[in-house]
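Step one of this worksheet: look at the structure below.
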2 protein chains.
Amino acid sequence: MAEDGLQVPAASVARLPLYLRCLEELCANGVATVSSSRLAELAGVNAAKLRKDLSHLGSYGTRGVGYEVINLTHEIQRELGLDEQSPVIVVGLGNLGQALAKHGGFGDRGFPIVALFDVQPDIVGMQIGDLVVAHFDDLAGIVAHYKARTAIISTPADAAQQVTDDVIAAGITSVLNFAPTVVQVGEGVALRQVDLALELQILSYYQPRSDSERDTKLRLSV
Amino acid sequence: MAEDGLQVPAASVARLPLYLRCLEELCANGVATVSSSRLAELAGVNAAKLRKDLSHLGSYGTRGVGYEVINLTHEIQRELGLDEQSPVIVVGLGNLGQALAKHGGFGDRGFPIVALFDVQPDIVGMQIGDLVVAHFDDLAGIVAHYKARTAIISTPADAAQQVTDDVIAAGITSVLNFAPTVVQVGEGVALRQVDLALELQILSYYQPRSDSERDTKLRLSV
DNA sequence: GTGCGATTGTGAACAGAGGCACAAGCTTCT
DNA sequence: AGAAGCTTGTGCCTCTGTTCACAATCGCAC
């Protein structure tokens with residue numbers, strides 16, 4: 001089975017980029033072949049789970065040997081649709097937005113940031129890295145010009161939904177939302193939400209505590 | 001059942017802060033009471049799931065009426081251990097680290113940033129917001145002084161594991177890792193990992209594509 | 001006080017993800 | 001060529017998480 005994924009489970013999809021990152025590191029170290037157990041160790045997951053994840057995109061391992069690093073890298077990239085560069089825009093250039101715009105990790109991984117947008121007069125026109133912040137009113141033309149399909153939203157919470165609607169109207173089909181609010185998108189648009197403060201609050205629960213009526217609660221998060 | 005959670009499922013714990021954020025918004029708008037269906041709508045989840053999540057921390061709703069916003073807010077905060085402030089340190093003040101240090105969202109939610117660390121000579125001594133970047137060598141004393149228990153790691157990938165080990169040795173029990181690498185922590189230390197580029201790669205999979213042998217793949221992410 | 005409409009809390013069915021364990025298959029050594 | 005030793009791919013079982021559907025319970029009106 002698992003000919004050519006009719007469907008890769010969401011949980012597997014979320015781990016594929018992780019494997020990819022590990023493979024790239026192995027490649028940089030000149031490793032040509034890797035076993036599932038070794039790769040699983042690097043990724044911090046169970047070896048059987050890793051093999052099952054990889055099996056969803058076909059049989060690219062060799063029994064008795066392992067996986068060819070370069071080959072597997074390419075197969076994961078293909079499955080994820082990372083064969084070609086995917087231009088990204090950033091909307092909202094406060095502290096976080098500026099950091100994201102300057103962050104090299106996106107361009108390195110096939111997501112070059114091609115345009116920045118804001119509405120604040122003191123931010124529009126500002127140079128950040130190689131780019132100059134454009135006004136959000138000019139969104140549609142610029143998105144079309146660069147054929148950008150992905151938007152990073154790092155606006156204040158109260159603007160996020162309107163901005164999301166606008167970028168989708170301009171042709172964006174993937175949205176990564178950093179604004180601390182839930183945004184809604186229609187069919188055919190992919191969405192992921194990241195809230196930094198939320199992560200700390202989740203961690204808080206797993207802090208060893210003895211204050212409350214609870215005894216001890218030490219557990220590892222995932 | 002669900003007297004006082006012997007154990008709240010991890011999936012529920014991860015959603016509680018989300019509900020909290022929605023409740024705070026309702027509170028700011030002067031709403032006193034909310035039904036599970038309304039709150040679920042705001043949080044973008046199923047109403048039954050929300051009720052089950054809340055049931056893990058006791059029965060704080062009123063049948064026929066709903067939940068008292070203020071009361072529920074407090075109960076979730078208590079369950080998550082957010083009753084008191086939890087000081088946070090940031091290690092690694094590159095672009096992302098600086099943005100996180102200046103980001104107001106942490107302090108507002110009970111996680112005041114009390115110290116910043118780096119090792120680069122041109123960064124140590126720099127003023128960021130109200131704080132001056134300390135040298136990582138001074139970690140132990142400063143962590144002890146502020147009784148900090150949470151660390152945000154935003155160093156380069158190759159330094160992340162060593163830094164993690166060091167902050168844990170200094171008394172940190174919760175780690176939020178932004179470095180693009182998997183770090184290991186021992187028993188009794190809570191860990192969450194956030195990789196921004198990884199999020200874009202996951203989104204990439206759900207982009208409508210027709211290039212490959214795959215037909216159409218439009219699905220909503222969660 | 002009784003009845004009615006609304007909403008919670010939860011049992012039970014269902015779906016998805018995780019992990020063990022082993023057969024299948026490759027490579028190497030003799 | 002045959003045997004031995006790995007490692008993959010996967011069937012099967014378990015466990016966690018999700019969703020439905022409904023009884024229990026509340027406030028309110030009359």
With a 3.5 Å cut-off and no angle check, do the side chains of B:Asn29 and B:Glu25 form a donor-acceptor pair?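 No, no side-chain donor-acceptor contact under 3.5 Å.
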Check the distance between [N]'s [atom2] and [X]'s [atom1] and give it to me in whole angstrom.
| X | N | atom1 | atom2 | value |
| --- | --- | --- | --- | --- |
| B:Tyr60 | D:dC26 | OH | C1' | 19 Å |
| A:Arg38 | D:dT7 | CZ | C1' | 16 Å |
| A:Lys49 | D:dG11 | NZ | P | 19 Å |
| A:Tyr67 | D:dC6 | OH | C1' | 13 Å |
| A:His56 | C:dG16 | NE2 | C1' | 11 Å |
| A:Leu39 | D:dT8 | CG | P | 10 Å |
| A:Gln7 | C:dA15 | CD | P | 15 Å |
| B:Asp53 | D:dT19 | CG | P | 11 Å |

Could you check if a side-chain atom of B:Leu18 sits within less than 4.5 angstrom of a side-chain atom of A:Val182, using non-hydrogen atoms only?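 Yes, close enough: below the 4.5 Å cut-off.
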Please determine whether salt bridge (charged side-chain N to carboxylate O under 4.0 Å, His left out) holds for the pair B:Glu75 and B:Arg78, giving the CA-CA distance in whole Å, both sets of side-chain angles, and the decisive distance to 0.1 Å. CA-CA 5 Å; B:Glu75 290 303 336; B:Arg78 184 187 53 73; 2.9 Å; yes
Closest approach to the side chain of A:Arg51, judged atom by atom: which nucleotide of D:dT10, C:dA17, D:dC20 is it?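 The listed nucleotide nearest to A:Arg51's side chain is D:dT10.
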Sugar-phosphate only, base, or nothing, as touched by A:Arg15 at under 4.0 Å among non-hydrogen atoms: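 It contacts sugar-phosphate atoms only.
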Looking at every strand, decide which applies to A:Ala48 at a 4.0 Å heavy-atom threshold: base, sugar-phosphate, or nothing.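 It contacts base atoms.
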Less than 4.0 Å between a side-chain N and a carboxylate O, is that true for B:Glu41 and B:Arg38?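 Answer for the salt bridge query: yes.
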Need to verify one output field. Residue with the more 5' nearest nucleotide on DNA chain D, A:Thr62 or A:Lys52?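 Of the two residues, A:Thr62 wins.
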Please compare A:Gly64 and A:Val45 by the position of their nearest nucleotide in DNA chain C and report the one closer to 5'.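 Result: A:Val45.
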C:dA17 OP1/OP2 closer than 4.0 Å to side-chain N/O of A:Asn46: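 Answer is no, no contact under 4.0 Å.
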Would you indicate, yes or no, if C:dT7 has its OP1 or OP2 atom less than 4.0 angstrom from a side-chain nitrogen or oxygen of B:Ser35?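 No, outside the criterion.
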Check: C:dT7 base within 3.5 Å donor-acceptor of B:Arg63 side chain: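 No.
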Does the pair A:Arg109 and A:Glu24 meet the rule for a side chain to side chain contact (heavy atoms under 4.5 Å, CB included), with working shown? CA-CA 11 Å; A:Arg109 293 172 188 279; A:Glu24 278 159 7; 3.1 Å; yes
